[in-house]
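As structure tokens, the structure follows; a few thoughts come after it.
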Amino acid sequence: MSPFGIKLLRPRPRPPEIDLHMHSTQSDGSVDPAGLVREALALGLKAISITDHDTTSAIVEARRSAEGTGLEIVPGVELSTAEGKSDVHLLIYGFSDSEGLEQALLRFREARERRAEEMVGKLNALGIEITMAEVRALAGPGAIGRPHLAQALVLMGAAETSQEVFRRWLGHGGSAWVPKERLTMEDAAEIARRHGGVTSLAHPATLRRDDLIPTLRDRGVQCLEVWHSRHDVECSKYYLALARRHGLVPTGGSDYHGAHNPGVTMGCTRVAAEVLEELRAAFPSTPPSISPSIP
């Protein structure tokens with residue numbers, strides 16, 4: 001109510017303008033790159049980044065689908081790193097050497113394949129007749145992950161939901177659990193730097209290791225994911241303040257996986273276009289020279 005007795009209407013929240021965190025069928029999302037572009041256009045987004053796990057293969061298809069639409073496709077990828085006993089996810093943006101980065105990521109995709117094979121072996125030992133061929137068919141050309149194993153087990157009737165699969169077999173400490181190859185934050189940041197990208201700490205509220213944030217800059221991480229589908233408004237304000245305090249560029253996105261995480265939709269987290277402008281300013285001004293010795 002205004003001082004003049006006039007009822008004031010609460011302004012409608014502005015719609016999202018960009019979404020810099022989502023996954024396609026090239027990793028553990030249910031929507032192919034072209035489908036993600038169509039969804040982004042329907043929402044009126046100005047830019048998206050498909051941040052598949054350990055692969056940049058969605059970028060070419062997404063850019064082809066977005067050609068002539070005005071939708072910007074920001075190069076992105078997500079890597080899993082380790083800090084003590086914590087799994088730390090880093091997003092790499094803006095890399096100028098996609099081909100070189102894709103080669104650097106090859107060993108991590110190969111490690112995913114070996115991990116999946118070991119988990120299939122453990123499931124077989126438990127009397128569950130699942131094959132790698134079934135898992136590969138669900139993963140398609142993309143990087144294999146535990147969601148593909150879970151999907152295969154649900155389809156064969158071994159469980160009713162993927163959540164049940166993770167709880168019984170594939171979750172940490174489960175009877176078919178296999179630890180993944182661990183990459184340090186410094187290694188991931190160096191891979192990004194050498195291929196012309198910048199790194200962002202993903203969804204810090206889910207990590208619950210805010211003690212890491214003050215040292216991130218010194219260890220090569222330049223950004224912090226402030227806006228995320230698991231961050232409410234107050235949480236985002238808190239992490240924005242931390243980003244500013246420690247000289248980190250704020251980033252944000254929904255972490256959309258399509259049907260594999262039905263509670264999260266593309267653009268459900270409002271991220272303004274100005275965020276991309278600040279992120280773009282952090283990209284290296286000139287592409288780095290790539291040494292043949294770099295993995």
Side-chain angles (χ1 to χ4, degrees), residues 16-80 89-106 108-109 112 138-145 147-148 188 191-192 195-203 223 225 227-230 251-262 264-271 273 275-276 279-280 283:
E17 297 177 325
I18 63 174
D19 190 329
L20 301 180
H21 191 168
M22 63 184 69
H23 300 270
S24 78
T25 50
Q26 295 299 310
S27 65
D28 57 349
S30 68
V31 183
D32 64 22
L36 292 177
V37 168
R38 288 193 296 271
E39 290 191 29
L41 291 171
L43 288 170
L45 297 181
K46 298 177 180 178
I48 63 171
S49 183
I50 302 175
T51 52
D52 283 324
H53 297 280
D54 301 334
T55 181
T56 64
S57 57
I59 296 173
V60 172
E61 182 182 346
R63 282 182 166 165
R64 187 184 301 119
S65 300
E67 189 173 355
T69 66
L71 176 68
E72 181 178 355
I73 307 298
V74 181
V77 68
E78 184 168 5
L79 297 181
S80 297
H89 289 197
L90 293 180
L91 300 160
I92 301 178
Y93 292 115
F95 37 86
S96 55
D97 179 37
S98 298
E99 184 176 347
L101 179 59
E102 188 69 10
Q103 286 301 310
L105 298 176
L106 178 60
F108 301 111
R109 295 196 299 278
R112 281 177 171 271
L138 291 171
I144 290 178
H148 300 119
I191 288 173
H195 296 282
V198 297
T199 53
S200 179
L201 175 66
H203 39 71
C223 314
E225 189 170 49
W227 301 276
H228 184 269
S229 53
R230 303 268 308 263
T251 66
S254 61
D255 205 355
Y256 178 52
H257 285 71
H260 294 164
N261 189 3
V264 175
T265 58
M266 185 188 298
C268 64
T269 298
R270 184 187 178 274
V271 185
V275 172
L276 179 56
L279 175 62
R280 191 182 285 112
F283 295 164

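Starting from 1, each residue takes its place in the sequence as its number. Since the structure is predicted, the reported quantities are computational estimates derived from the model, not experimental observations.
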Test side chain to side chain contact (heavy atoms under 4.5 Å, CB included) applied to Ile48 and Tyr256, step by step:
CA-CA 11 Å; Ile48 63 171; Tyr256 178 52; over 6 Å; no
What residues, two or more places apart in sequence or in another chain, satisfy salt bridge (charged side-chain N to carboxylate O under 4.0 Å, His left out) together with [X]?
X: Arg230; value: none
X: Glu61; value: none
X: Asp52; value: none

Can any side-chain N or O of Glu17 pair as donor or acceptor with the backbone N or O of Lys46 at less than 3.5 Å?
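Pair absent, no side-chain N/O of Glu17 close to backbone of Lys46.
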Backbone of Ser49 reached by a side-chain donor or acceptor of Tyr93 within 3.5 Å
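No; zero donor-acceptor contacts below 3.5 Å.
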Suppose we screen for side chain to side chain contact (heavy atoms under 4.5 Å, CB included). Which residues come up paired with [X], at least two apart in sequence or across chains?
X: Arg280; result: Glu72, Leu276, Glu277, Phe283
X: Thr69; result: Leu41, Ala66, Leu71
X: Ser30; result: Ala259, His260
X: Ser80; result: His89, Lys180

With His148 via ring-ring contact (aromatic ring centres under 6.0 Å, His included) - residues at least two apart
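Expected list: none.
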If you look only at pairs with a residue in residues 19-44, which of them pass as a salt bridge (charged side-chain N to carboxylate O under 4.0 Å, His left out), with sequence neighbours excluded?
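Counting only pairs at least two positions apart or across chains, no salt bridge (charged side-chain N to carboxylate O under 4.0 Å, His left out) contact touches residues 19-44.
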Quick test of your reading: applying ring-ring contact (aromatic ring centres under 6.0 Å, His included), list the pairs with at least one residue in residues 20-46, sequence neighbours left out, ordered by first then second residue.
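Of all non-adjacent pairs touching residues 20-46, those that pass ring-ring contact (aromatic ring centres under 6.0 Å, His included) are His21-His23, His21-His228, His23-His53, His23-His257.
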Considering all heavy atoms, the nearest Leu36-Ser24 contact:
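So the minimum-distance heavy-atom pair works out to CD1-CB, 3.7 Å.
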Thr51: side chain to side chain donor-acceptor pair (under 3.5 Å) partners, not counting sequence neighbours:
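Applying side chain to side chain donor-acceptor pair (under 3.5 Å) to Thr51 gives none.
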Go through the structure and list residues passing side chain to side chain donor-acceptor pair (under 3.5 Å) with Thr56, not counting sequence neighbours.
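Counting only residues at least two positions away or on another chain, Thr56 forms a side chain to side chain donor-acceptor pair (under 3.5 Å) with Glu102.
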Going from OG1 on Thr269 to CD1 on Ile18, what distance comes out if it is rounded to the nearest 0.5 angstrom?
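Going from the OG1 atom of Thr269 to the CD1 atom of Ile18 covers 11.5 Å.
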